[in-house]
Structures are given as C-alpha cells and as structure tokens.
J.: 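The structure follows.
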Amino acid sequence: MDYYGKRIATASADHSIKIIGVSNNTSQPLAKLTGHQGPVWQVSWAHPKFGSLLASCSYDGRVILWKEGNANEWTQAHIFDDHKSSVNSIAWAPHELGLCLACGSSDGNISVFSARADGGWDTSRIDQAHPVGVISVSWAPSTAPGALVQKLCSGGCDNTVRVWKLSNGTWKMDCFPALQMHADWVRDVAWAPNLGLPKSTIASASQDGKVIIWTVAKEGEQWEGKVLNDFKTPVWRVSWSLTGNILAVADGNNSVTLWREAVDGEWQQVTTVD
C-alpha cells in the first residue's frame, strides 16, 4: 500500500509490477511497469515527501527506482546494479533519515543507497552480512529527533538474525553473537514501531515454521528471543501494525493470522484473516 492507502503496488514472478487503485471495495489497474528481467521479489513505496517513488528488486540482481511524472506515467529514475545475484529484499529508511534504501542480496551483501542533494547517490555496504545469502532487511524506527541513529536488521540463509548500526560511516554488527534460534532460513524480519519507548522489538519468520519475537530493553543490552508460535509450515512474511502492537503472519498454509501480546507477555492469536 502507498502512504495514503489509495494504491497497491504488486510484485510478480512474471517480471512486472502493477499499480492498482483501491477505494470503497473497488479496484482498478492504473499502470504496469516493465524493466526487470527476472521475477520481482519485492516493491516498496518511498515516503510521499520525496514525491511519488517506488523501488523494486528482482532475481536479475537489479534494484529499479521508479518515478511517477504525470498521473500513472512511470519512468525508471535510477537502476542500481551493485549486486551480482538476486536482490531479495528492499526497505526504505524512516523518512527522517532522508531518502535511503537498504537492499539484501543472495550474494551475501547488504547495500544502502542514500540520495544526495545533487541528485546522485552515495553507497555504503555491509559486505558478507550473511555470507550464504541475505533474504530480508528491515529498518529500526527513527527515535526522537536529535538522536537519529541508523540501524537495521537482516535475516539470512545462515538461519540467523543480525542487527546493524551505522557509526562513523561504517556499518557494524550491533548484536553479539548473531541472534540464533531458528533452524532454517530466516524468510522475513520486521522491526516494530516503538512509539518513543526505549525497548526495541523485532519479529523474525523462518522456513522452520517458527516466528520469534526478539526484544532488547534498552541500547547496549542483550537481545532475548521468544517463540511466538510454531506454525508447522514455512512462514513467509511478518508485518507490524502502525502502532506496533499487532503482528500479521503469513504462512505456507495460505493463512494470515494476527497476534497481540497479552498483559502477561504471552502472545495470543487475535484473529484469522479470511
């Protein structure tokens, strides 16, 4: 969904991206974007303060930045081809950090592209973040103004979740050791909105069927993991509500379930989405 909830961008194995307008239980096709030469794994809208921008990543190793000029007329504003194999996940940073895109690839690296005032792009990298492949990336929410710290988390084919922090222009791992509770590929990671609290929360979903909730009470302490549920089937995606109190989980049984943390700290299923 875009920021205003008026349009959906979809990514497909047919190499294309479609923009669909949605309103009052109706939908209409608005545009079809072609340019990738392989399955498109993910699309992500930039914050509207940067204009109408959409990023996409593909098996072809490329990340394409699409810009809307006139209504529903899209052009390729930029192509990033820094990766040598499939780019599996992209995520825009919180808009307070500027126009900044993180990309995770099967080549094991994470790249971060930051827009400059002159229209060019700066690149920083996390080389061999997960040497056997990066499957997912997610940014930490921006905290209070004046304390803008760039942090992100990643999940990979090494069955681990890793947290990264940018300090003095270099990305360094911010969790020791890597977070290890999964027994198979980590398919998705999602850093929860924190609404100004010092506590940080990350959800991770794995091929092993489990969703794990990782929390750290405050900066510098150890992350702790707790199994939300064993779905007994691969879990593909996890996504937080805007307030960070409800987690949506999409699993290999074609079901989407919503979960909420109870007062006692246990996670309970709220509903199943039909």
Side-chain angles (χ1 to χ4, degrees), residues 1-23 25-48 51-92 101-107 110-111 113 133-139 154-157 185-190 205-207 231 233-240 248-257 273-274:
M1 298 289 274
D2 70 356
Y3 181 83
Y4 301 108
K6 296 284 172 58
R7 296 183 294 183
I8 293 175
T10 62
S12 170
D14 69 6
H15 305 188
S16 76
I17 295 147
K18 290 184 178 177
I19 312 288
I20 301 158
V22 288
S23 62
N25 298 328
T26 63
S27 65
Q28 64 181 58
L30 300 176
K32 182 177 180 178
L33 315 185
T34 54
H36 281 296
Q37 287 152 7
V40 185
W41 298 132
Q42 215 168 29
V43 287
S44 181
W45 296 91
H47 190 278
S52 194
L53 279 177
L54 184 72
S56 60
C57 65
S58 166
Y59 181 77
D60 66 13
R62 297 189 302 167
V63 174
I64 300 180
L65 200 56
W66 307 85
K67 188 174 179 65
E68 186 181 28
N70 297 328
N72 303 320
E73 290 181 9
W74 294 83
T75 55
Q76 295 182 17
H78 200 87
I79 296 176
F80 301 104
D81 52 10
D82 298 47
H83 291 284
K84 299 297 172 268
S85 53
S86 176
V87 180
N88 303 316
S89 181
I90 47 173
W92 290 105
L101 185 71
C103 314
S105 167
S106 290
D107 63 16
I110 295 171
S111 54
F113 303 109
V134 184
I135 307 179
S136 53
V137 289
S138 177
W139 288 87
S154 59
C157 302
W185 290 13
V186 179
R187 288 278 179 196
D188 199 20
V189 286
S206 170
Q207 187 74 18
F231 291 84
T233 181
V235 187
W236 294 99
R237 284 273 182 268
V238 279
S239 178
W240 293 98
V249 179
D251 68 43
N253 286 332
N254 295 344
S255 65
V256 176
T257 50
V273 182
D274 293 324

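All of these numbers come straight from a predicted model, not from anything done at the bench.
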J.: Could you tell me which non-hydrogen atom of Ala46 sits nearest to which non-hydrogen atom of Trp92, and how far apart they are?
T.: N-NE1, 3.4 Å

J.: Please round to the nearest 0.5 Å and tell me the distance separating atom CZ of Arg62 and atom SG of Cys57.
T.: 12.5 Å

J.: Which pair of non-hydrogen atoms, one from Val22 and one from Ser27, has the smallest distance, and what is that distance?
T.: CG1-CB, 4.0 Å

J.: Is any side-chain heavy atom of Ile17 closer than 4.5 Å to a side-chain heavy atom of Trp66?
T.: yes

J.: What I'd like to find out is whether the side chain of Ile90 reaches to under 4.5 Å of the side chain of Cys103, using heavy atoms alone.
T.: yes

J.: Would the distance check show the side chain of Asn72 and the main-chain N or O of Ala31 forming a donor-acceptor pair, the cut-off being under 3.5 Å?
T.: no

J.: Which atom pair, heavy atoms only, marks the closest approach of Leu65 to Ala55?
T.: CD1-CB, 4.0 Å

J.: Rounded to the nearest 0.5 Å, what separates atom NE2 in His36 from atom CD1 in Ile79?
T.: 8.5 Å

J.: Of all the heavy-atom pairs spanning Val186 and Ser136, show the shortest one and how long it is.
T.: O-OG, 4.0 Å

J.: When rounded to the nearest 0.5 angstrom, what distance separates OG in Ser52 from CG in Asp2?
T.: 7.5 Å

J.: Just so I know, are the side chains of Arg187 and Pro234 near enough to count as touching, which here means a heavy-atom distance under 4.5 Å?
T.: no

J.: In terms of the angle between their ring planes, are Phe80 and Phe113 parallel, tilted or perpendicular, with boundaries placed at 30° and 60°?
T.: parallel

J.: When you measure from the side chain of Gln207 to the backbone of Trp185, do you find a donor-acceptor pair of N or O atoms at a distance under 3.5 Å?
T.: no

J.: Where the side chain of Ser44 meets the backbone of Ala91, is there a donor-acceptor pair that is under 3.5 Å apart?
T.: no

J.: Of all the heavy-atom pairs spanning Trp74 and Trp45, show the shortest one and how long it is.
T.: CH2-CZ3, 3.7 Å

J.: So, does Asn253 use its side chain to make a donor-acceptor pair with the main chain of Ser255 at under 3.5 Å?
T.: no

J.: Taking Trp41 as the fixed residue, which of Ser12, Ser86, Ser89, Ser56 is the one that meets the side chain to side chain donor-acceptor pair (under 3.5 Å) rule?
T.: Ser86

J.: Tell me, do Leu33 and Ile64 make a side-chain contact under 4.5 Å, heavy atoms counted?
T.: no

J.: Does any non-hydrogen side-chain atom of Pro39 lie less than 4.5 Å from one of His15?
T.: yes

J.: So, taking the atom named CG in Asp251 and the one named OG1 in Thr257, what distance separates them when rounded to the nearest 0.5 Å?
T.: 6.0 Å

J.: Go through the steps for Lys84 and Asp107 under the test salt bridge (Lys or Arg N to Asp or Glu O under 4.0 Å), then give the verdict.
T.: CA-CA 6 Å; Lys84 299 297 172 268; Asp107 63 16; over 6 Å; no

J.: Supply the atom-to-atom distance Lys18 NZ to Leu30 CG, rounded to the nearest 0.5 angstrom.
T.: 12.0 Å

J.: For the atom pair OG (Ser154) and CD1 (Ile135), what is the distance rounded to the nearest 0.5 Å?
T.: 10.5 Å

J.: To check you understand the geometry: which heavy-atom pair defines the closest contact between Gly61 and Val87, and what is its length?
T.: O-CG2, 3.5 Å

